[in-house]
Protein chains: 2
Amino acid sequence: MKYPNGQEYKPNSKKERQSHKSKAEISLSSANRGMDLEHEINLSNDYYRDHDICLITKRPTPINIVKVDYSKGAKITHAYFEEQSTTDYNGVYKSRYIDFEAKNTKNRTSFPLSNITKHQIEHLKRVLFHGGIAFFIINFESLGKIYLLDASYVIEFYEHGERKSIPYDCFVTNGIEIEQGYNPRINYIEAIEKKYF
Amino acid sequence: MKYPNGQEYKPNSKKERQSHKSKAEISLSSANRGMDLEHEINLSNDYYRDHDICLITKRPTPINIVKVDYSKGAKITHAYFEEQSTTDYNGVYKSRYIDFEAKNTKNRTSFPLSNITKHQIEHLKRVLFHGGIAFFIINFESLGKIYLLDASYVIEFYEHGERKSIPYDCFVTNGIEIEQGYNPRINYIEAIEKKYF
């Protein structure tokens, strides 16, 4: 099952998410193929929340409800996924507004912008305009490397880039590599500290 | 149809929301009975966004998906509403993180805390801890008055109040009355300016 943007659907409920992942799947081998990036970030956010480091939450997937069966305690019987017009994550760190999108790519040389929507770019431009911290977390699966890249670069490549992709070099030069560990899995706050504070 | 917290369900899609409101319903009479507070705040947020005043969005209603029919383009055939473990709205204004919950009450003398969840209180305590701006927008329907009250008061009454309600006087003394107009409908940013900047 796919989102409108072509991403694989991952169940929202934490229990469901955890149940469909084995220890092997979440192994931290340097080439983290098939890593469930959303799941890893959600676990990292739980860690950050429980340790009072920051408060960042995933926006629920917007769903367009067509029909509800009242006879069974508000059971939704007909609905569709809507395209996320914003980003997946936002929250607060050191009183600053944080807003980001996380994406996987199997590509080794560049990050294709094909599954980033115009709405998300517009949203991120507004976040930057209002003084928020906006970035992308990109997981280069085949390289086992995860980078934080400020949204301004993605906006620039999206709107003025010749090819619809961002070269890996841009991440190495302008991004911050995110340390992967056991807990937090994806320590992106450390990268935010380096980049923005 | 009701949310787990007892609130009336309002369709997520803007078109649906607007279609079920007549001009009469959204009249700005001083006693704004039956005002669709969520709808009015969403319209105010659209105005703020389009005029580059701030960027505040409503979190989609979390939905627990049980079954999806792939044969019809990812049609959700079985799902349930989940309780919102955070607040309904968050975003950025002048680089500060903003987080709030909006509620209606028909009560003239106090705001009952019955439909505020422990999860929401925990969430708001964390927002304040991390330096975010957290508050409630309470619409006293029968009085035609809307107040912004800092979350700290709500947390205090929720955790240590004798009665599970906040007296109207507390809003008059410690809150900021929000001006209602045509556009923006509910000018809560003006109240935020008075209170926090």
Side-chain angles (χ1 to χ4, degrees), chain A residues 1-4 9 11-13 15-16 48-50 52-70 72-82 84-87 90-99 122-134, chain B residues 1-4 9 11-13 15-16 48-50 52-70 72-82 84-87 90-99 122-134:
Chain A
M1 198 199 88
K2 304 273 192 188
Y3 283 120
Y9 165 68
N12 277 324
S13 128
K15 193 173 284 138
E16 290 179 63
Y48 289 145
R49 181 199 61 221
D50 297 341
D52 290 330
I53 294 165
C54 67
L55 184 63
I56 291 168
T57 58
K58 184 181 185 303
R59 290 187 174 98
T61 310
I63 289 179
N64 190 349
I65 293 153
V66 181
K67 199 188 286 177
V68 178
D69 182 349
Y70 304 89
K72 292 167 185 152
K75 174 188 173 183
I76 299 161
T77 57
H78 185 176
Y80 289 101
F81 293 95
E82 277 187 347
Q84 185 70 272
S85 63
T86 62
T87 50
N90 73 347
V92 58
Y93 175 60
K94 293 184 173 176
S95 79
R96 293 289 303 279
Y97 176 75
I98 307 290
D99 193 303
E122 292 306 323
H123 173 80
L124 289 163
K125 284 166 80 171
R126 291 194 168 99
V127 171
L128 292 173
F129 176 84
H130 291 293
I133 292 172
Chain B
M1 199 199 88
K2 303 273 193 189
Y3 283 121
Y9 164 69
N12 275 325
S13 131
K15 195 172 282 140
E16 289 179 65
Y48 289 144
R49 181 198 60 221
D50 297 342
D52 291 329
I53 293 165
C54 66
L55 184 63
I56 290 166
T57 57
K58 185 181 181 305
R59 290 186 173 99
T61 310
I63 288 176
N64 189 348
I65 293 153
V66 181
K67 199 188 287 177
V68 179
D69 181 349
Y70 304 89
K72 291 166 186 154
K75 174 188 174 184
I76 298 161
T77 57
H78 185 175
Y80 290 100
F81 293 95
E82 279 186 347
Q84 184 71 273
S85 62
T86 62
T87 49
N90 73 348
V92 58
Y93 175 61
K94 293 184 173 176
S95 79
R96 294 289 303 280
Y97 176 75
I98 307 289
D99 194 302
E122 291 306 324
H123 173 80
L124 289 163
K125 283 165 81 171
R126 291 194 168 99
V127 171
L128 293 173
F129 176 85
H130 292 292
I133 292 172

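In what follows, every chain begins at residue 1, and chains take the letters A, B, ... in the order their sequences are listed.
The distance from the CD1 atom of A:Ile76 to the NZ atom of B:Lys67 is 14.5 Å, given to the nearest 0.5 Å. Remark: B:Arg49 CZ to A:Glu122 CD distance equals 10.5 Å, nearest 0.5 Å.
For chain A, the nearby parts of B:Thr77 are the backbone and the side chain; heavy atoms of each come within less than 4.5 Å. Heavy atoms closer than 4.5 Å to chain A are found in both the backbone and the side chain of B:Lys75. Neither the backbone nor the side chain of B:Asp69 comes within less than 4.5 Å of any heavy atom in chain A. A:Val127 touches chain B through backbone and side chain together, each having a heavy atom under 4.5 Å away. Residue contact with chain A, scored on non-hydrogen atoms closer than 4.5 Å, is absent for B:Ile98. Looking at A:Ile53, only its backbone comes within 4.5 Å of chain B, counting heavy atoms on both sides.
With respect to chain B, the highest number of heavy-atom pairs below 4.5 Å among A:Cys54, A:Gly73, A:Ala79 belongs to A:Ala79. When the candidates A:Ser95, A:Gly131, A:Ser85 are compared by the number of heavy-atom contacts under 4.5 Å with chain B, A:Ser95 comes out ahead.
With a 4.5 Å cut-off on side-chain heavy atoms, B:Ile56 and B:Asn90 do not count as touching.
Residues A:His130 and B:Asp52 come closest through the heavy atom pair CE1-O, 3.2 Å.
For B:Phe129, the ring pair (Phe, Tyr, Trp, His ring centres under 6.0 Å) test picks out no residue, with sequence neighbours left out.
B:His123 and B:Asp99 are linked by a side-chain donor-acceptor pair at a separation below 3.5 angstrom, with hydrogens and angles left out of the test.
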